[in-house]
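See structure below.
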Amino acid sequence: MIKVENLKKYFSTGMFSKKYVRAVDGLSFAIEKGETLGLVGESGCGKTTVGRLILRLIEPTEGKIFFKNTNILELNKKDLRKLRPKMQIIFQDPDSSLDPRMKIGESIAEPLKLYNIVSKNGREEKISELIEMVGLNPEHINRYPHELSGGQNQRAVIARILAINPKFIVADEPTSSLDVNVQAQMLFLLKKVREKFGLTCLFISHDLEVIKVMTDKIAVMYLGKLVEVGKTSDIFNGAVHPYTQALLSAIPVLDPEAKRKRIVLGGEIPNPINPPSGCSFHTRCPYRERICEIEEPMMIDIGDGHQVACHLNR
Amino acid sequence: MTLLSIQNLKVHFHTEDGAVRAVNDVDLVIEEGETLGLIGETGCGKTVLGLSILRLLSENTKVEGKILYKGKDLLKLNEGEMRKIRGKEIAMIFQNPLTSMNPVLTIGTQISEPFELHQGLKKKDAIQKVIAILKLVRIPSPSERINEYPHEFSGGMRQRAMIAMGLACEPSLILADEPTKGLDVTIQAQVVDLMKELTTNSKTSMLLITHDLGVAAELCDNIAVMYPGEIVEYADIKELFKNPKHPYTQGFLGSLPGRGLKPMNGMSPSLIDLPEGCKFHPRCPFARERCKNKRPEMVEIGKKHFVRCFLYD
């Protein structure tokens with residue numbers, strides 16, 4: 001369904017001397033039809049940029065992005081517009097995704113009008129149907145976003161997206177601003193509509209607990225690069241890359257009696273303007289060797305689609 | 001020894017939309033050396049409860065009840081006496097260090113302030129102490145970084161500087177309001193480890209206000225679960241995870257991704273418009289007629305395990 005090859009995005013910065021932030025630096029991955037891929041990483045690793053690049057909301061510096069065998073980077077404006085309804089995004093902050101001066105019903109009607117999906121007479125019925133599907137009440141149709149809670153607005157955003165029958169959805173931290181219970185309701189809803197519409201998803205999150213229950217495959221990102229890719233169960237049961245291991249061990253365990261070793265990483269994420277030489281993780285890696293400082297590790301398949309980029313796994 | 005005892009606390013304030021009943025008849029005790037977790041969702045009044053202890057709420061707030069700290073009622077102290085308590089006896093770690101720090105003062109100046117104020121140290125000696133305490137919270141090359149401003153620190157470093165500021169005068173009680181909110185998992189792990197280290201082997205007590213049960217599970221001895229305006233369950237941490245009794249606590253735990261991801265119906269009520277009777281009854285699967293009219297009392301159902309629910313009456 002989605003295939004990305006050697007995707008790069010450098011942002012230029014600096015007024016006098018040009019420097020480049022390597023936000024995304026040579027990413028390749030694929031998402032099969034009906035599959036959900038989780039993109040995991042800490043803030044500033046470039047995961048949001050990947051989500052936007054895939055939908056061509058920003059232009060990449062280099063690389064190819066295929067949607068069902070069409071390289072969307074080669075499409076002209078008109079063809080891209082035709083493709084847009086098939087690929088949609090749920091942003092992190094629902095309040096800023098909705099027009100504050102539009103009633104919820106009007107917001108949902110927008111895409112229906114724009115792409116002429118149902119006739120004018122059928123519109124109201126379609127809106128009620130969508131509102132019900134995402135678990136809002138009919139009375140919400142005539143409310144403004146500021147009158148609803150964050151969770152309800154996020155539901156409205158989902159209703160608006162479903163209105164145009166998308167095939168592929170990027171969900172960028174869709175629940176990170178929500179309370180635990182509202183988050184559970186939202187994830188439940190996402191699972192439901194994903195099944196019902198047979199959606200393919202890229203689920204971007206820093207929350208590994210959420211990723212674990214929502215995805216089939218995981219791609220772990222560090223400083224603009226992928227360090228490990230594999231089936232969700234394989235990663236959670238046997239992460240190979242030291243960074244993935246540290247990430248997993250950092251999840252607070254919901255059991256006060258659990259005894260475990262935590263790998264606490266020292267230091268912070270390096271500046272992507274000036275990433276470390278060799279393996280970009282070597283400055284924080286507890287197992288680094290000489291070679292890690294010099295040579296960049298290649299992505300190697302260690303079986304069953306489980307890939308890892310680390311010198312320790314030659 | 002009991003360090004802090006909150007008795008029958010009520011905090012109400014007026015807004016344009018109506019009276020906010022943020023805290024209603026709350027009783028809590030914190031022992032010396034104990035870390036108590038105050039758990040609840042957004043808007044349940046947990047932050048207001050924390051702020052009321054240090055009397056940091058605005059003028060139009062009505063506070064009733066008693067907050068006994070080492071036997072003294074904080075609500076009866078005058079402003080001068082209160083100032084001697086803040087930062088020295090009871091310190092607060094706020095959830096957003098960027099807005100809680102002064103952007104135009106260097107980190108060194110900010111953290112040295114409590115030393116000068118409460119311990120009467122000269123600036124030069126205070127700075128030496130600041131460097132030592134920044135080292136304790138593992139800020140790299142602290143003697144240079146004290147000359148930097150808050151915006152030059154990363155999120156995790158700012159939070160650690162905030163913790164350093166709270167620890168500066170070795171307070172007996174730390175109020176930590178969502179100290180790891182907004183931090184990345186690996187940085188959160190660093191901060192949690194640091195707080196664990198600082199509180200386990202010392203007499204310092206802590207009230208940890210959070211919605212994150214994972215963080216609470218690592219740091220707390222006991223947990224009080226808050227549902228708009230009141231405490232609905234209190235137990236030691238192991239008991240609470242193994243044997244949650246209140247339907248809300250059960251639902252809250254069950255809604256976590258790691259424990260089933262089964263959402264509860266509906267939403268928490270607003271503090272302006274609280275339901276009659278048990279506050280949880282409109283969402284409770286076990287609600288009966290009397291839950292609608294009468295507010296259940298806190299009952300002890302096991303050793304140090306209290307629940308506010310008619311099911312255990």
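Letters go in sequence order (proteins before strands), and every chain restarts at 1. These figures come from a predicted structure and were not determined experimentally.
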Residue pairs fulfilling salt bridge (Lys or Arg N to Asp or Glu O under 4.0 Å) with at least one residue in residues 37-51 of chain A, sequence neighbours excluded: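 Qualifying pairs: A/E42-A/R284, A/K47-A/E173.
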
Chain A contact via B/Q190 - which portion, at a heavy-atom distance below 4.5 Å: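 Its backbone and side chain both get close to chain A.
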
Chain A neighbours within residues 146-159 of chain B, where any heavy atom lies under 4.5 Å away: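 Under the 4.5 Å heavy-atom cut-off, B/S154, B/M157 qualify.
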
[X], [atom1] atom: more than 12 neighbouring heavy atoms under 6.0 Å:
{"X": "B/N243", "atom1": "CG", "value": "yes"}
{"X": "A/F197", "atom1": "CZ", "value": "yes"}
{"X": "A/E139", "atom1": "CD", "value": "yes"}

Minimum heavy-atom distance A/P252-B/E218, with the two atoms named: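 In terms of heavy atoms, the two residues are closest at CA-OE2, 3.5 Å.
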
Residues B/R283, A/N181; criterion side chain to side chain contact (heavy atoms under 4.5 Å, CB included); working and verdict: CA-CA 12 Å; B/R283 303 170 72 189; A/N181 188 51; 2.9 Å; yes

Residue pair B/P257 / A/Q183, side-chain heavy-atom distance below 4.5 Å: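 A side-chain contact exists here, since the closest heavy-atom pair is under 4.5 Å.
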
Part of A/V180 within contact of chain B (heavy atom distance under 4.5 Å):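 It is both, since atoms from each part get that close.
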
Side chain, backbone, both or neither of A/S149 within contact of chain B (heavy atoms, under 4.5 Å):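 Contact with chain B is through the side chain of A/S149 alone.
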
Under 3.5 Å donor-acceptor, A/Q185 side chain and B/M267 backbone: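 Looks like no, no N/O pair under 3.5 Å.
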
Partner chain A: residue of B/L213, B/D212, B/L256, B/V215 with the largest heavy-atom pair count (under 4.5 Å):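 The option with the most such pairs is B/L256.
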
